[in-house]
Amino acid sequence: MRRALWSALLLAACQSGSKPTATLDAIAPDRGPQDRDVAVTITGTHFQPQLVTDFSRRGSSVLDATVTARLGREALRDAVLNEDGTISAVVPQGLSPGTYDLSLTLPGGTTLELEGAYRVLAVNELADLVQAFTFEPIAPQQVGRPFTVTVTAVDSVGLPVDTFAGTAVLTDLTGTVVPKQVGPFARGVWSGLVEVRTLHGADVLTATSGAGKTGTSNPFPVMAGAGARLVFATAPRSAAAGACSEPVTVQVVDATSTPSPVSAPLALSLTPSPSNGFALFTDAACTVPLGAPAIAAGQSGLTVRFRGTRAGAVQLAAGAAGLSGAAQTETVTAGAAASLVFVTPDPTLNSGSCSSDVTVQARDAFDNPAPVAAPTVVALDVTPAASLELFETGGCGAALTSLAFASGASSGSFQLRGSAAGAFTVTASAPGLGMATLRVRVNPAGFPTQLVIVSMPQTVMVGTCSGPLAVQSQDAAGNAVTTPGQLPVSLSASPAAGFDLFSDLGCT
């Protein structure tokens, strides 16, 4: 076979009529360690054997395939002209570190030169042998789950660099791969656990040496693991009473909190507490009520909106079979102030006495206490006007005819004092807020209006008799007053079981 190839090469040369010019292109690898032999391949064009003929002797022609190669003055061992037109040789160990020119002598005596062709590396330069990194194939992976990766440092011809014992920076397309550095390599190979912490359809790992030599893995998908729990993927929402909220998304995540699509429809429970005046919807205008909530196959979450009419915090709990549940507090705030109300019950007082505080409040269309958007004056009127006066709080010292609500305030208070017995009507009004009405009863001075237990609380042993309990009739100002004639009084206890009342000091 070899003889036939040489013959074909020589025949081609003879038929061409002239000998083609040979060129020297490269030596690979182009560097190697000082302390060991390195097999190299020299490439170029028109590396051919030479036909030598002895015309003095019939039939004594031979093929000369002898080649020699040198690095500087040092000859390479085992130089052989190969059938594919390349030359194999061995760089012997022991050459001094440095960069060498390559000198190649072909059959027939043609000598070719290539400057700076090969570098002999000292021990501290062995990392320079690494020209790239290769990865063993990586299969599809899950987010946050460690998997084994094997990286090999290779030279310029793709052969492992078994002298490499350094490290490499590890990166990926998501920026979340850990560890960030791999190594030290052992005989040019590192194998260990790697973790990617973000979803990606076709992630790629890249190893980079300190000298900037790189290598990449095959693309591989990073998928979510099986669903483990429910979470609220959106922040707690707040909406005014009667308004539609921003989207609220409930999501299935795996053990690493990565969204995990479900393979089949997943029924959910969404339970608000308290539920009065609170409803869930599927559309952005809150016109389509949420029916049976479920996450569709291939999706990881369900998005809803809510509308509430009662101001306050509402805890929305989410649950699903086989998954840990989640809860989030949503908030319904008061709407715009729309009306005024008296939140104090209709009072009864004695003439000449100052009442306790009377409070008027602004409320929205859903009867929630509502702050006013701007400073608001609430006018106060009394009918009939005589005999009932209105005062600032603090003891009926400063008279007033209106209340001033500061911007953001929802209520104001005042006090009453009547100079004569009678029935009165107090109204509070403001532009855009309508009118509120309070009924006031003024009794003559000293008229009893309430019963009060005036004795101190007691603690007694089981089965023993307590001290006396005193009940007193008082007027609206808390003064003790005498009732006109006898006044029947009913007495009761709560809880009543095992508790009895007696009229004598011995409880007999």
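One finds no salt bridge joining Arg31 and Glu125 here, because no Lys/Arg side-chain nitrogen approaches an Asp/Glu carboxylate oxygen to under 4.0 Å. One finds a salt bridge joining Asp162 and Arg36 here, because a Lys/Arg side-chain nitrogen approaches an Asp/Glu carboxylate oxygen to under 4.0 Å.
Between Pro265 and Ile295 the shortest side-chain heavy-atom distance does not fall below 4.5 Å. Side-chain contact between Glu246 and Thr234 is absent, with no heavy-atom pair separated by less than 4.5 Å. For the pair Pro289/Leu280, no side-chain contact is recorded, criterion being any heavy-atom separation below 4.5 Å from C-beta on. The shortest distance between side-chain heavy atoms of Phe414 and Val358 falls below 4.5 Å.
Counting only N and O atoms by type, the side chains of Thr359 and Ser413 include a donor and acceptor under 3.5 Å apart. Under the 3.5 Å distance criterion, with hydrogens and angles disregarded, no donor-acceptor pair is assigned to the side chains of Thr329 and Gln315. One side chain, Ser191 or Thr150, offers a donor N or O that lies under 3.5 Å from an acceptor on the other. No hydrogens or angles considered: a donor-acceptor pair under 3.5 Å links the side chains of Asn82 and Ser88.
Distance alone, capped at 3.5 Å, places no donor-acceptor pair between the Gln131 side chain and the Val157 backbone.
For Phe185 and Phe133, the gap between ring centers is short of 6.0 Å.
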side-chain contact (heavy atoms from CB on, under 4.5 Å) evaluation trace for Val343 with Arg363: CA-CA 11 Å; Val343 296; Arg363 295 195 173 181; 3.4 Å; yes
